[in-house]
Amino acid sequence: IVDENNLLKKQTSSSKTWVMFYSVFKKGIKIAYSTDNGKSWNNSENTPSIPNLDPESRDPKVFWYEPTKTWVMLIYRKPGSDEFEKGFSIYNSKDLIHWEYKSHITGFYESPDLFQLPLNNRKNDLHWVLTGGNGNYQIGTFNGETFTPETAELKFEYGKNFYSPLTWRTSDDKIIQIASLRGAIYPDMPFTGQMSFPCELSLQKFTEGMRLCRKPVNDIELLHDNVYEWKEKNIYPGLNKNILSGLEGDCFHILVSFNIKSSDTFGLLLRKGKEGMGTEIIYSVSNKVLSCMNQNVYMEPNDGNINLDIIVDRSSIEIFSADGKISITNNFNPEPKEKKMMLFTIGGEVMVNSLKVYRMNSMYDPLKKIKKK
């Protein structure tokens, strides 16, 4: 966090103090600070900021609560021996050094996060969202000391690798979330980790109630290269009906809207090759189930339509649908030479209302597009 008032390190410099809270195994929550905009860091002599109350304590999340002019910290804890007691503890502080316990929420595991969002973008209808390590969340109220849920624990992520999502608030008041891909494997690669694509969060009202929605940040457009586009195209069963037959590559952003019509099953086949069968994204009309790599989620059509927002990277597939209520995040390892794509239907025709396939540039060379923007 940025210590705007330089509470932790009293100084007269105009440079604000950056403060980092982190957990050390079996030693509690620690503090480090920087007075040179993150170039160097010092461990505070006042640590640990919270004594190690139990060996499980970890994952601090700190933010400013304006109504009471108080800093709030959430940490994952298991206060007793009972597994059912594990959850998130809430602490308050006026000086970032001395923290007072306020309340505890059971039912969540690791990586606490708590943030406020307007419902349907109405600034006078604000709600708090609490998330845990697996991405599950509750919507409720928060008074600076206690979170009171208004919903049951809800789910938006149905993939096999999404974990430990955390958020930050941008200067234009957007909440952006990013997660790690836990359990992912990268054969023959010089790295062993990956983050999900950053998503903007919103809170929307549906017939079933309030739901947290995610969509890739608009700045994904900075990475767009050539676009291939189709509209109002009827697709029939058969291998020779693939409208993507001439398109090959390994990094794409795909925006597609299907109308079910008479199809039994339809979808996309990604990274197909001579030896590999590729990876399927399938929608079963009879079961109303969206599937990818054996990860399944029930999803009702919207007026007979299925809309998908898909990010295909060299080692991951991220799928967003149902106005952002549903996502599937999976790690995959196609052979480098397998770069074909296929759009298919089985048992009947499907209408492609619209389809845009963008080739994606590397995010490590975005300067040209940023300057253009």
Side-chain angles (χ1 to χ4, degrees), residues 159 186 194 196-197 215-261 263-285 290-293 295 305-321 327-366 368-369 372:
Y186 307 94
Q194 180 182 348
S196 67
F197 196 88
K215 66 173 185 177
V217 293
N218 291 334
D219 282 341
I220 192 173
E221 296 174 0
L222 295 173
L223 305 181
H224 284 172
D225 203 330
N226 295 340
V227 60
Y228 306 86
E229 188 171 1
W230 295 263
K231 288 185 178 180
E232 297 181 355
K233 194 83 171 177
N234 272 322
I235 308 299
Y236 302 92
L239 295 177
N240 61 342
K241 306 298 183 182
N242 177 28
I243 62 175
L244 301 178
S245 59
L247 188 57
E248 296 186 14
D250 56 6
C251 295
F252 291 101
H253 184 202
I254 303 170
L255 301 169
V256 59
S257 173
F258 296 99
N259 184 274
I260 292 172
K261 299 197 81 171
S263 177
D264 291 335
T265 303
F266 60 88
L268 293 156
L269 190 60
L270 305 173
R271 300 299 301 274
K272 185 179 183 300
K274 292 182 179 180
E275 297 180 3
M277 294 300 296
T279 298
E280 292 179 322
I281 299 173
I282 306 174
Y283 185 76
S284 169
V285 177
L290 178 68
S291 303
C292 180
M293 300 178 68
Q295 306 299 305
N305 298 316
I306 295 295
N307 304 315
L308 303 177
D309 186 339
I310 306 166
I311 301 175
V312 183
D313 207 339
R314 293 189 179 100
S315 57
S316 63
I317 300 175
E318 299 180 62
I319 306 166
F320 306 87
S321 192
S327 64
I328 300 176
T329 303
N330 286 334
N331 163 240
F332 80 141
N333 301 109
E335 291 295 326
K337 293 182 180 179
E338 296 173 354
K339 296 186 176 183
K340 295 182 181 296
M341 290 199 296
M342 180 178 178
L343 190 149
F344 64 89
T345 178
I346 300 172
E349 68 178 292
V350 68
M351 166 71 81
V352 174
N353 299 321
S354 63
L355 170 61
K356 289 184 178 181
V357 180
Y358 294 93
R359 291 189 183 275
M360 295 286 281
N361 290 315
S362 169
M363 71 180 221
Y364 291 102
D365 188 23
K368 292 181 181 179
K369 291 222 168 188
K372 286 181 180 179

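Residue numbers run from 1 in the order of the sequence given.
- Remark: N259 CG to E349 CD distance equals 9.5 Å, nearest 0.5 Å.
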Stepwise side-chain contact (heavy atoms from CB on, under 4.5 Å) test for V312 and M360: CA-CA 9 Å; V312 183; M360 295 286 281; over 6 Å; no

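- At most 12 non-hydrogen atoms from other residues, nucleotides or ligands lie less than 6.0 angstrom from CD of E232.
- R271 contributes a side-chain N or O that, together with a main-chain N or O of E335, makes up a donor-acceptor pair within less than 3.5 Å.
- Counting heavy atoms from C-beta outward, I310 and I317 have side chains that approach closer than 4.5 Å.
- To the nearest 0.5 angstrom, I311 atom CD1 is 9.0 Å from L255 atom CG.
- Atom-to-atom distance recorded for L269:CG and K340:NZ is 11.5 Å, nearest 0.5 angstrom.
- The two residues E318 and F197 make their nearest non-hydrogen contact at OE2-N, 3.1 Å.
- Nearest heavy-atom pair, I306 versus F266, reported as atom, atom and distance to 0.1 Å: CG1-CZ, 4.0 Å.
- For the residue pair E338 and G273, the shortest heavy atom distance occurs at CG-CA, 3.7 Å.
- Remark: I243 pairs with W230, K233, I235, L343, L355 by the side chain to side chain contact (heavy atoms under 4.5 Å, CB included) rule, at least two apart or across chains.
- Between D313 and C251 there is a side-chain heavy-atom pair separated by less than 4.5 Å.
- Taking CZ of R359 as the reference point, atom CG of N226 lies at 7.0 Å (rounded to 0.5 Å).
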Pair L244-F344, side-chain contact (heavy atoms from CB on, under 4.5 Å): steps then yes or no: CA-CA 10 Å; L244 301 178; F344 64 89; over 6 Å; no

Working for side-chain contact (heavy atoms from CB on, under 4.5 Å), residues L308 and I254: CA-CA 8 Å; L308 303 177; I254 303 170; over 6 Å; no

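- A heavy-atom distance below 4.5 Å is not found between the side chains of Y283 and T265.
- Nearest heavy atom pair, residue N307 against residue S321, reads O-OG, 2.6 Å.
- In this structure, a donor-acceptor pair under 3.5 Å is absent between the side chains of S196 and T329.
- Pairing each heavy atom of S263 with each of T345, the nearest pair is OG-OG1, 2.8 Å.
- Contact detail for Y186 and S315: the closest heavy-atom pair is CE2-OG, 3.5 Å.
- The line from CZ of F252 to CG of D225 is 10.5 Å long, rounded to the nearest 0.5 Å.
- Looking at N330, its side chain does come within 3.5 Å of a backbone N or O of C292 through a donor-acceptor pair.
- Residue K231 holds its NZ atom at 11.0 Å from CG of N353, rounded to the nearest 0.5 Å.
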